[in-house]
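Inspection log for the structure reproduced underneath, given as structure tokens.
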Amino acid sequence: MFRIEETTVNGDALRSELAVPEAGGCAIFEGWVRNSNEGRAVDRLDYEAYKVLAEREGERILAEAVERFGVERCLCVHRVGELAIGDMAVWVGVSAPHRGAAFSACRYIIDEVKSRVPIWKKEHYTTGDTEWVNCAQCAGHGHALESSLYARQTRLPEVGSDGQEKLKGSGVLVVGAGGLGSAALSYLAGAGVGRLGICEADRLEASNLHRQPLYEFGDVGEDKALLARRRLATLNPFVKIEIHPESLTHANADRLLEPYDVVVDCTDDFNTKLAINDAAQRAGKPAVFASIYQYDGQLQVMQPSSSSACLRCLWPEAPSPLDTGTCEQAGVLGAVPGVFGAMQAMETLKLLLGLPGLAPDELGLVDLMSMEMRKLRITRNPDCAGADGCVRTSAGPELEIDYWSMPAQARGGLVLVDIREAEETLASPLPASDVVTLPLSGINVDSPPLDRERQYALCCASGQRSRWLADALHARGFAGVRSVAGGLSAAHQGK
């Protein structure tokens, strides 16, 4: 058994694991941190490892030792993290019928682990300098392991080693780690995109699992961003995964997009899609959009250009949530977002590799029931906000508030308005007193039953409908209207 440990290695406890009646001898090696190396005074060490690959390769080495030397048991534990002088860095133990086999197997394991297992050592010197040492062989082996992940795709003449290096040097932000995002993230990580950003504020619900295979039943209730990073790290430990556990809005979109080359929209909220579109236009970066409804879906690749169509050419403003449907409202088969998320990953990879893909002025439509696929030509709308406003204008007013985290005195000046439908409010009332109930379906945005001089906090189930209404009312002069970020879901999650 081979293990990577972050805590102190207990040699006595490990030795007891080796004892078997068939063994007549035991060989044990302990490697400690010493205070010098090649004449330089050492203060401490740092060890880093690709844990999944390191443990897999370590197990392979131990299995080889058992078969080669006929020993009974092998055990190796290697520390990672920061180690002080005198700390145990590695422990190897072998039990065998005879001492010779135990000694030989122990030596074999020590040498093979040093040369084959992807573990890196950084020495900190008393002078304040640092240096990575004794890493040439394991780094080379680590590179070989990484290259083997992409062996099939680098055979493609359009990819090759040069294309793989392009992918490794690229960064992609995926907004939403749900049904679309699960597929898009998995294929982008598997392809070796060097840096993946995950923007996701929600926690996992049981109803998500049929269409979000990144997660497991035991993960319900946990933050999706953290869960996605953990799962993707086991898929490809050579990809750097950065998480942004927050909702993307017009206020923070520029900051979130800035470090990345491409942004992939995997949300089902038009306000978020438009915020992505506008920020991508300002930053001059491509964006890959997808939307689904039951068995249908559409795909659009936005290339920032004065002549190319953007999302606002189709939707100058976010449509009313009453005119669109989320997966929760309309229903969905799990495979549908999986198909379109995979298509988004494909279009993203083609962008990064410089390969031809969906044209900037095309909208791809797919009906998965009939398997009919069409491409519609779209043109730049000369009156589109993207032609002027969303390129030159910075983020607009922040219309969301974290109502449930606000102290009671701060809430005092706000009127909490529940815009959910009657059956929703009956099934799950808001956890607050003095709530005004105004179902969205009964609100005329041109003449709402609100006072322009008062402050309102609009709340729905997840924050999508309330954010649309806040935006629509703010545009009509209701400056005191805000949307409760995350809606009732945020209240239940304690955010």
Side-chain angles (χ1 to χ4, degrees), residues 1-38 42-124 130 132-142 144-145 218 230 233-234 237:
M1 183 169 56
F2 183 95
R3 296 200 300 263
I4 297 292
E5 294 283 359
E6 298 180 5
T7 57
T8 302
V9 178
N10 186 335
D12 292 337
L14 293 172
R15 181 180 178 278
S16 65
E17 297 184 41
L18 296 174
V20 291
E22 295 82 5
C26 176
I28 293 175
F29 168 81
E30 296 180 350
W32 303 329
V33 177
R34 60 181 180 179
N35 64 1
S36 65
N37 182 45
E38 297 183 353
V42 175
D43 179 64
R44 66 188 188 281
L45 297 182
D46 280 328
Y47 279 99
E48 294 185 6
Y50 287 122
K51 189 173 187 292
V52 175
L53 294 181
E55 291 187 337
R56 185 176 302 165
E57 187 67 13
E59 289 283 1
R60 189 176 292 117
I61 292 170
L62 298 188
E64 292 169 3
V66 170
E67 181 178 359
R68 182 169 181 174
F69 299 101
V71 299
E72 295 296 330
R73 285 192 179 178
C74 299
L75 182 60
C76 179
V77 178
H78 204 298
R79 279 285 308 276
V80 292
E82 184 175 299
L83 281 71
I85 303 301
D87 284 350
M88 193 183 301
V90 60
W91 189 96
V92 180
V94 179
S95 58
H98 307 286
R99 64 179 185 274
F103 289 147
S104 297
C106 189
R107 179 59 182 268
Y108 176 81
I109 293 169
I110 295 166
D111 292 342
E112 294 299 305
V113 166
K114 185 175 181 179
S115 64
R116 290 167 51 182
V117 176
I119 298 175
W120 288 263
K121 178 173 68 174
K122 176 189 271 188
E123 290 187 340
H124 295 258
T130 62
W132 292 99
V133 298
N134 297 337
C135 296
Q137 289 176 297
C138 64
H141 188 68
L145 289 171
R230 184 196 311 164
T234 64

Task: From CA spacing to verdict: side chain to side chain contact (heavy atoms under 4.5 Å, CB included), V90, F29 - done: CA-CA 8 Å; V90 60; F29 168 81; 3.8 Å; yes
Rounded distance (nearest 0.5 Å) linking atom [atom1] of [X] with atom [atom2] of [Y]:
{"X": "Y47", "Y": "I119", "atom1": "OH", "atom2": "CD1", "answer": "8.5 Å"}
{"X": "I61", "Y": "K114", "atom1": "CD1", "atom2": "NZ", "answer": "13.5 Å"}
{"X": "I109", "Y": "L75", "atom1": "CD1", "atom2": "CG", "answer": "9.0 Å"}
{"X": "H98", "Y": "F103", "atom1": "NE2", "atom2": "CZ", "answer": "13.5 Å"}
{"X": "R116", "Y": "L53", "atom1": "CZ", "atom2": "CG", "answer": "13.0 Å"}
{"X": "L45", "Y": "R34", "atom1": "CG", "atom2": "CZ", "answer": "10.0 Å"}

Taking the side chain as every heavy atom from C-beta outward, state whether [X] and [Y] have any atom pair closer than 4.5 Å.
{"X": "W91", "Y": "N10", "result": "no"}
{"X": "H78", "Y": "V117", "result": "no"}
{"X": "F2", "Y": "V113", "result": "yes"}
{"X": "L14", "Y": "I28", "result": "no"}

State, to 0.1 Å, how close [X] and [Y] come at their nearest heavy-atom pair, and which atoms those are.
{"X": "A65", "Y": "C74", "answer": "CB-SG, 4.2 Å"}
{"X": "V92", "Y": "I110", "answer": "CG2-CG1, 4.1 Å"}
{"X": "V71", "Y": "S95", "answer": "CB-O, 3.6 Å"}
{"X": "A102", "Y": "A96", "answer": "N-CB, 3.8 Å"}
{"X": "M1", "Y": "E59", "answer": "CA-OE2, 3.6 Å"}
{"X": "V33", "Y": "A84", "answer": "CB-O, 3.4 Å"}

Open item on the list: With side-chain hydrogen bond (donor to acceptor under 3.5 Å, both in side chains) as the test, pick out the partner of D46 among H124, K122, K121.
Closed with: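 When side-chain hydrogen bond (donor to acceptor under 3.5 Å, both in side chains) is applied between D46 and each of H124, K122, K121, only H124 qualifies.
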Open item on the list: Restricting to side chain to side chain donor-acceptor pair (under 3.5 Å), what partner residues turn up for E72, sequence neighbours left out?
Closed with: none
Open item on the list: Can you list everything that forms a side chain to side chain donor-acceptor pair (under 3.5 Å) with R3? Sequence neighbours excluded, please.
Closed with: E5
Open item on the list: Counting only heavy atoms from other residues, nucleotides and ligands, does the tally under 6.0 Å from CD of E48 exceed 12?
Closed with: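 Not buried by this count: 12 neighbours or fewer within 6.0 Å.
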Open item on the list: For E22, is the CD atom crowded, meaning more than 12 foreign heavy atoms sit under 6.0 Å from it?
Closed with: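 Buried by this count: over 12 neighbours within 6.0 Å.
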TODO: May I have all residue pairs that pass salt bridge (charged side-chain N to carboxylate O under 4.0 Å, His left out) and include part of residues 74-88, sequence neighbours excluded?
DONE: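 Salt bridge (charged side-chain N to carboxylate O under 4.0 Å, His left out) check on residues 74-88 returns R44-E82.
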Task: K51/E55 ion pair, N-O < 4.0 Å - done: yes
Task: Pair E57 + R60: basic N to acidic O under 4.0 Å - done: yes
Task: Backbone N/O of A101 and side chain of S104: donor-acceptor pair under 3.5 Å - done: no
